[in-house]
Trainee: 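The structure is given below, and queries will be raised subsequently.
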Protein chains: 4
Amino acid sequence: MKERKKETILMTSLKLFSKNGFHATTIPNIAKEMKMSVGNIYNYFPSKNNLAKCAIKFSSSILASTLRKINNKNLTSKEKIYEFTKSYYEIIEISPEIIEYFLRVYLSNRSMFDDENDKGFDLAKDFVDEVERLLSDGINKQELKKQNFYVSFSIFIGALGGLTFLNGEKALEEKPIQYAKEISESIYNALKI
Amino acid sequence: MKERKKETILMTSLKLFSKNGFHATTIPNIAKEMKMSVGNIYNYFPSKNNLAKCAIKFSSSILASTLRKINNKNLTSKEKIYEFTKSYYEIIEISPEIIEYFLRVYLSNRSMFDDENDKGFDLAKDFVDEVERLLSDGINKQELKKQNFYVSFSIFIGALGGLTFLNGEKALEEKPIQYAKEISESIYNALKI
Amino acid sequence: MKERKKETILMTSLKLFSKNGFHATTIPNIAKEMKMSVGNIYNYFPSKNNLAKCAIKFSSSILASTLRKINNKNLTSKEKIYEFTKSYYEIIEISPEIIEYFLRVYLSNRSMFDDENDKGFDLAKDFVDEVERLLSDGINKQELKKQNFYVSFSIFIGALGGLTFLNGEKALEEKPIQYAKEISESIYNALKI
Amino acid sequence: MKERKKETILMTSLKLFSKNGFHATTIPNIAKEMKMSVGNIYNYFPSKNNLAKCAIKFSSSILASTLRKINNKNLTSKEKIYEFTKSYYEIIEISPEIIEYFLRVYLSNRSMFDDENDKGFDLAKDFVDEVERLLSDGINKQELKKQNFYVSFSIFIGALGGLTFLNGEKALEEKPIQYAKEISESIYNALKI
DNA sequence: TATGAATGAGGCTTCATTCAT
DNA sequence: TATGAATGAAGCCTCATTCAT
């Protein structure tokens with residue numbers, strides 16, 4: 001149950017951080033949202049920074065496991081890209097904070113996450129590894145073009161993030177998921193052999 | 001000369017904001033970097049928020065004019081995409097702050113930029129308009145696929161930004177510009193008819 | 001057994017207070033050191049302040065009884081001074097907290113110990129009384145000079161404390177007890193007729 | 001004038017620290033006492049700890065220079081001890097905080113003053129050096145007994161401090177300075193050949 | 001225009017103490 | 001008795017902004 005409450009705090013923080021940004025979210029904000037006292041949060045997390053770091057780990061692990069499940073299916077690369085794109089925008093619909101968090105907090109506070117234990121980007125390593133698996137698998141199956149991993153990664157994840165950004169800007173006319181088919185096809189075209 | 005000094009302040013702020021983030025950059029930091037007094041900055045910009053907003057306008061105008069020049073050339077869409085990709089990563093090499101600023105400041109502080117006068121994303125309208133011009137021009141010339149603008153925008157700008165992110169993470173082995181050819185081809189493949 | 005546990009808490013507090021100071025020692029610190037719960041400490045002592053006050057009483061009573069035993073012996077004043085000096089530095093070697101406590105906690109938090117019941121210094125009254133007994137006894141036996149009690153007290157106890165201070169500063173080359181002979185002789189010379 | 005204000009802050013802090021102890025004195029307390037804003041104090045001293053450390057340096061330098069002047073006079077050791085005792089209790093009468101500070105703050109927060117730059121006790125080095133000069137000078141002139149420096153230091157400074165303590169406890173019937181003659185004679189007797 | 005000292009609200013964090021179990 | 005999660009007041013410190021010079 002202690003673990004349970006820790007997770008609740010994490011989810012609430014994730015939500016507020018992703019809605020308002022790291023600096024604009026105060027510990028009292030989080031406490032109030034949870035109807036919990038300020039001090040008690042510190043019984044679960046030693047600092048606001050640590051809370052933000054755990055949130056990164058948490059949300060990147062969701063993305064990683066989502067993609068892992070897809071990678072484990074017996075699908076073509078094209079299908080996998082589509083499946084992940086769909087899942088990604090489903091997450092945005094249900095728990096937008098999981099993805100928004102990267103844009104709002106991680107991107108702009110990277111240095112905050114660097115310390116002797118974690119190397120910043122490593123926090124998302126599991127997810128990056130799964131992307132690599134998807135890509136190298138497609139290359140092996142001669143479905144995808146053999147090209148620099150960073151380029152493919154940028155195309156794939158950059159495109160997904162780009163639409164997320166536009167969604168956050170309220171620039172889209174439809175919900176992101178409506179664009180899933182179209183965007184995943186474009187991504188596929190960029191990566192295919 | 002007043003205009004001249006205003007611009008110096010802007011450039012310095014842009015540099016510091018993009019290096020350290022908006023909240024981690026203080027007005028005294030900026031003043032010190034310029035060997036100017038804190039108070040005097042307020043003779044040129046009414047607030048720190050306003051400074052950040054002007055910085056957005058400034059840096060998006062650079063991107064916009066860069067792309068405008070390319071659009072005005074007599075080139076195929078493929079060439080234009082390549083040209084802009086190159087320019088984009090050249091900017092990153094010479095003045096990374098112009099691009100980093102979006103990642104560090106704009107993305108995570110959007111609400112800050114919303115007020116009665118500016119609608120946030122509108123700050124980058126000029127640039128978005130040029131992207132649209134590039135794309136619709138390609139469609140007209142039957143070089144690019146006719147598809148939802150937001151999807152194409154996400155692919156194009158998302159991919160460029162994705163690599164910038166990886167560069168910021170020190171995840172790349174080469175300078176971003178080394179990937180320009182490869183990434184612009186992928187983008188083209190994603191968008192072509 | 002309740003009394004027994006109470007004493008254990010007291011000893012632990014005394015140790016931590018004297019090692020780290022009153023404010024730097026928290027109730028959770030004490031609880032953890034004892035493998036006891038925070039709340040349970042409050043079943044034995046009503047407050048942290050009270051704990052500190054009891055610790056003073058406890059440690060001054062040790063000094064008082066040590067000196068009382070010496071006073072009850074059939075010794076010259078010179079011998080008594082030497083005996084007490086030795087005992088004092090033995091205590092420092094075995095349980096430095098008993099003496100350090102005065103320096104770390106009592107001296108700098110006197111006001112804390114003043115309330116309607118106790119008058120601060122009175123906490124050490126037993127000990128002060130024994131010092132007085134030693135001195136007046138020496139005067140009666142025409143061994144010690146008849147002089148103002150506070151002056152003699154300052155010389156005697158001040159000198160012992162001075163060396164304790166230097167020991168705490170790690171300024172001494174030997175253990176305090178090595179200086180016992182020399183220092184007690186000096187004290188005697190200061191007080192003798 | 002900036003230096004002047006810095007000194008005023010120092011004196012005020014010294015006064016409050018010595019009256020109430022380090023932890024019981026808050027920065028707002030100090031600010032209020034000076035009719036100054038909290039933030040402004042930080043324009044002069046980077047932290048509360050640093051303020052306390054500067055106060056140590058300041059007050060030990062006063063003691064050091066007082067004793068240095070006496071050492072430079074052509075006096076017997078007995079006279080020097082008397083002179084310094086008098087000065088010491090004069091300081092207590094006029095600016096008790098200078099001496100009380102050691103008892104209230106330094107003694108009980110030593111570890112606070114230890115860092116890579118200052119070694120705690122070194123803060124008082126100037127003063128300790130002057131005491132050594134007084135003593136070795138007396139030994140050379142065959143007025144004082146050749147004995148361990150730490151022992152003599154403890155007798156001399158311990159005795160002075162002992163009476164200060166009693167004064168702080170309001171245990172004395174007269175002002176400390178009334179005891180100067182008597183106490184300096186006892187000290188001399190302890191140290192003489 | 002330029003300076004930089006001054007202000008004070010507000011954020012993070014700590015910890016004595018309580019209380020439900 | 002014993003536990004330890006929960007409370008919330010209070011402290012240190014930062015920094016955007018102002019203003020007297």
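Keep in mind that the numbers below use all heavy atoms, side chains included, and drop hydrogens, waters and symmetry copies. Proteins come first, then strands; the chains are lettered A, B, ... in the order of their sequence lines, and each starts at number 1.
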Trainee: For C:Phe17 and E:dC15, what is the distance between atoms CZ and C1' respectively, to the nearest whole Å?
Mentor: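 Checked: the CZ to C1' distance equals 13 Å.
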
Trainee: Measure from the side chain of A:Ser47, starting at C-beta and using heavy atoms only, and say which of F:dA16, E:dT7, E:dT13 lies closest.
Mentor: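 Minimum distance to the A:Ser47 side chain belongs to E:dT13.
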
Trainee: Determine whether a donor-acceptor pair (N or O, by modelled atom type, separation under 3.5 Å) exists between the side chain of D:Lys53 and the backbone of D:Lys48.
Mentor: no

Trainee: Answer yes or no: does a side-chain N or O of B:Ser37 lie under 4.0 Å from OP1 or OP2 of E:dA2?
Mentor: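 The answer is no; no side-chain N or O of B:Ser37 sits under 4.0 Å from OP1 or OP2.
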
Trainee: D:Ile41 or A:Pro28: which one's nearest nucleotide on DNA chain E is closer to the 5' end?
Mentor: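 Whichever sits nearer the 5' end wins; that is D:Ile41.
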
Trainee: Write down the distance between CG (D:Asn43) and P (F:dC13), rounded to a whole number of angstrom.
Mentor: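 Spelled out: CG on D:Asn43 to P on F:dC13 is 14 Å.
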
Trainee: Whole angstrom is fine here: how far is it from NZ in C:Lys6 over to P in F:dT1?
Mentor: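 Checked: the NZ to P distance equals 12 Å.
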
Trainee: Can you tell me if B:Tyr44 touches the phosphate of E:dA2, counting only side-chain N or O atoms and a distance under 4.0 Å to OP1 or OP2?
Mentor: yes

Trainee: Mark yes or no for whether C:Arg104, through its side chain, and C:Phe17, through its backbone, hold a donor-acceptor pair below 3.5 Å.
Mentor: no

Trainee: Given atom CD1 of C:Ile30 and atom P of F:dG4, what is their separation to the nearest angstrom?
Mentor: 17 Å

Trainee: OP1 or OP2 of E:dA6 less than 4.0 angstrom from a side-chain nitrogen or oxygen of D:Lys35, does that happen here?
Mentor: no

Trainee: Nearest nucleotide by nearest heavy atom, which residue falls closer to the 5' end of DNA chain F, C:Lys2 or D:Asn40?
Mentor: C:Lys2

Trainee: What nucleotide among F:dA6, F:dA16, E:dT3 has an atom nearest to a side-chain atom of A:Lys5?
Mentor: F:dA6

Trainee: Between P on F:dA5 and CD on A:Glu3, what's the gap in Å once rounded to a whole number?
Mentor: 12 Å

Trainee: Of C:Met1 and B:Val38, whose closest DNA chain F nucleotide lies nearer the 5' terminus?
Mentor: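 Comparing both residues, the 5'-ward one is C:Met1.
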
Trainee: Between E:dG4 and B:Lys32, is there an OP1 or OP2 to side-chain N/O distance shorter than 4.0 Å?
Mentor: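 No, outside the criterion.
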
Trainee: Ignoring hydrogens and angles, tell me if any N or O in the side chain of A:Ser95 forms a donor-acceptor pair with the backbone of A:Ile98 under 3.5 Å.
Mentor: no

Trainee: Of D:Glu97, D:Glu100, D:Glu33, which is the lone residue that meets salt bridge (charged side-chain N to carboxylate O under 4.0 Å, His left out) with D:Lys15?
Mentor: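 When D:Glu97, D:Glu100, D:Glu33 are each tested with D:Lys15, the salt bridge (charged side-chain N to carboxylate O under 4.0 Å, His left out) holds only for D:Glu33.
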
Trainee: Distance check needed: F:dG4 P versus C:Met34 CE, whole Å only.
Mentor: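 Rounded to whole Å, this separation is 14 Å.
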
Trainee: Does F:dG11 have a Watson-Crick or wobble mate here (both distances under 3.5 Å), and if so which one?
Mentor: E:dC12

Trainee: Measure centre to centre between the rings of C:Tyr101 and C:Tyr106, then say whether the value is under 6.0 Å.
Mentor: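 They do not qualify: ring centres at least 6.0 Å apart.
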
Trainee: Taking the side chain from D:Thr25 and the backbone from D:Leu16, do they hold a donor-acceptor pair closer than 3.5 Å?
Mentor: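 Yes; judged by distance alone, with no hydrogens or angles, the pair exists.
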
Trainee: Can you tell me if A:Lys48 touches the phosphate of E:dG11, counting only side-chain N or O atoms and a distance under 4.0 Å to OP1 or OP2?
Mentor: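 No, because none of the side-chain N or O atoms of A:Lys48 sits under 4.0 Å from OP1 or OP2 of E:dG11.
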
Trainee: Could you tell me how far apart D:Phe45 (CZ) and F:dT14 (P) are, to the nearest whole angstrom?
Mentor: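 Between P of F:dT14 and CZ of D:Phe45: 15 Å.
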
Trainee: Does C:Tyr42 have a side-chain nitrogen or oxygen under 4.0 Å from the phosphate oxygens OP1 or OP2 of E:dT17?
Mentor: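 Answer yes for this pair, as a side-chain N or O of C:Tyr42 is under 4.0 Å from OP1 or OP2.
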
Trainee: Tell me the interatomic distance from C:Ile27, atom CD1, to E:dT18, atom P, rounded to whole angstroms.
Mentor: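 It works out to 11 Å between those atoms.
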
Trainee: Any strand is fair game: report the nucleotide pairing with F:dT21 by Watson-Crick or G-U wobble, both distances under 3.5 Å, or none.
Mentor: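 When the pairing criteria are applied, E:dA2 turns out to be the nucleotide that pairs with F:dT21.
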
